> 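Just passing along the structure, written as structure tokens.
Model, not experiment: these values are computed from the prediction. Note: hydrogens, waters and symmetry copies are ignored here, and every other heavy atom, side chains too, is used. In what follows, every chain begins at residue 1, and chains take the letters A, B, ... in the order their sequences are listed.
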Amino acid sequence: MNPVYARIWQTTLQIPAGSVASYGQIADLSGLPGRARLVGKAMGLAPKTMQVPWFRVLRADGKIAFPAGSELAEKQKGQLQEEGVVVLNNRVKLREFQWQPDLSELLFKLSY
DNA sequence: AGGTTGACAAGAC
DNA sequence: TGTCTTGCCAACC
């Protein structure tokens with residue numbers, strides 16, 4: 001598969017349960033600044049066997065990317081709530097739940 | 001080669 | 001805050 005997608009998936013895999021990240025944040029942490037939209041694409045293409053926590057990735061304002069009430073939005077909300085993330089009006093308070101990785105540790109984990 | 005599309009982001013009000 | 005506009009950039013026509 002496309003190595004760029006593989007890198008995005010690996011970065012997403014580092015988001016701990018109970019935390020969320022934005023598409024742009026994952027792009028940056030993957031060494032792909034300015035490519036938030038590509039991250040969205042990669043989430044959709046992630047092989048299920050890889051267990052990529054796509055549901056922990058939200059828009060920069062904390063909103064779920066899918067239309068409120070849609071099947072995917074509801075599914076994402078459910079998965080987030082299962083791990084304690086509060087979702088109100090299709091949105092999560094980033095101030096409270098956004099992942100703030102230790103960069104050196106992240107670099108180490110992504111290096112193998 | 002040029003136009004369109006998107007699981008986006010940031011700024012203006 | 002919610003809505004709108006503009007900027008972005010790879011992937012597809």
> Suppose we screen for salt bridge (Lys or Arg N to Asp or Glu O under 4.0 Å). Which residues come up paired with Arg35(A), at least two apart in sequence or across chains?
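Partners of Arg35(A) by the salt bridge (Lys or Arg N to Asp or Glu O under 4.0 Å) criterion come out as none, since no residue qualifies.
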> Start at the 5' end of DNA chain C and walk down; is the nucleotide closest to Lys41(A) or to Asp61(A) reached first?
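Nearer the 5' end of the strand: Asp61(A).
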> Rounded to whole angstroms, how far apart are CD1 on Ile8(A) and C1' on dC9(C)?
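Taking CD1 of Ile8(A) and C1' of dC9(C), I get 12 Å after rounding.
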> Measure the distance from CH2 on Trp54(A) to P on dA7(B) and round it to the nearest whole Å.
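So the two atoms are 13 Å apart, to the nearest Å.
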> Taking CG from Leu94(A) and P from dT1(C), how many angstroms apart are they, rounded to a whole number?
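Going from Leu94(A) (CG) to dT1(C) (P), I get 11 Å.
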> Which heavy atom in Thr12(A) sits nearest to a heavy atom in Pro53(A), and how many Å separate them?
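Looking at all heavy atoms of both residues, the shortest contact is O-CG, 3.4 Å.
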> From dA11(C), dC8(B), dA10(C), pick the nucleotide closest to the side chain of Arg59(A)?
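Selected nucleotide (nearest to the side chain): dC8(B).
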> Look at Asn89(A) and dT1(C) and indicate whether a side-chain polar atom (N or O) is within less than 4.0 Å of OP1 or OP2.
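Checking Asn89(A) against dT1(C): no side-chain N or O falls below 4.0 Å of OP1 or OP2.
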> Heavy-atom count check: over 12 atoms from other residues, nucleotides or ligands less than 6.0 Å from Asp61(A) CG?
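Above 12, so yes.
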> Please state how far atom CG in Leu32(A) lies from atom P in dC8(B), giving the value in whole angstrom units.
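So the two atoms are 16 Å apart, to the nearest Å.
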> How many angstroms lie between atom CD of Gln79(A) and atom CZ of Phe55(A), to the nearest 0.5 angstrom?
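The distance works out to 5.0 Å.
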> Rounded to whole angstrom units, what separation is found between the CG atom of Leu58(A) and the P atom of dA7(B)?
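Rounded to the whole Å, the gap is 15 Å.
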> Where each residue is assigned the nucleotide of DNA chain B containing its nearest heavy atom, which of Leu38(A) and Ser22(A) is assigned the position nearer the 5′ end?
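The 5'-side residue here is Leu38(A).
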> Would Val4(A) end up clustered with Leu107(A) when hydrophobic side chains under 4.5 Å apart are linked, directly or stepwise?
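Cluster IDs for Val4(A) and Leu107(A) differ.
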> Base, sugar-phosphate alone, or nothing: which one does Gly44(A) contact when heavy atoms must sit under 4.0 Å apart?
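Touches a base.
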> Given dC8(B), dA10(B), dT1(C), which nucleotide is nearest the side-chain atoms of Arg91(A)?
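For Arg91(A), the side-chain atoms sit closest to dT1(C).
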> DNA chain C: Lys63(A) or Arg37(A), which has the more 5' nearest nucleotide?
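Taking each residue's closest nucleotide, the earlier one in sequence belongs to Lys63(A).
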> May I have the distance from Glu74(A) (atom CD) to dA7(B) (atom C1'), rounded to whole angstrom?
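That distance rounds to 16 Å.
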> Of all the nucleotides listed (dA7(B), dA9(B), dA10(C)), which has the minimum atom distance to the side chain of Ala36(A)?
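Selected nucleotide: dA9(B).
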> Using atom CZ of Arg35(A) as one end and atom C1' of dA11(C) as the other, report the distance to the nearest whole Å.
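To the nearest whole Å, that distance equals 13 Å.
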> What is the base-pairing partner of dA7(B), counting Watson-Crick and G-U wobble geometry with both distances under 3.5 Å?
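dA7(B) is unpaired by these criteria.
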> Can you tell me the base-pairing partner of dT1(C)? Count Watson-Crick or G-U wobble geometry only, both distances below 3.5 Å, and say none if there is no partner.
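WC or wobble partner does not exist here.
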> In whole angstrom, what separates Ile26(A)'s CD1 from dC8(B)'s C1'?
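The distance from CD1 of Ile26(A) to C1' of dC8(B) comes to 13 Å, rounded to the nearest Å.
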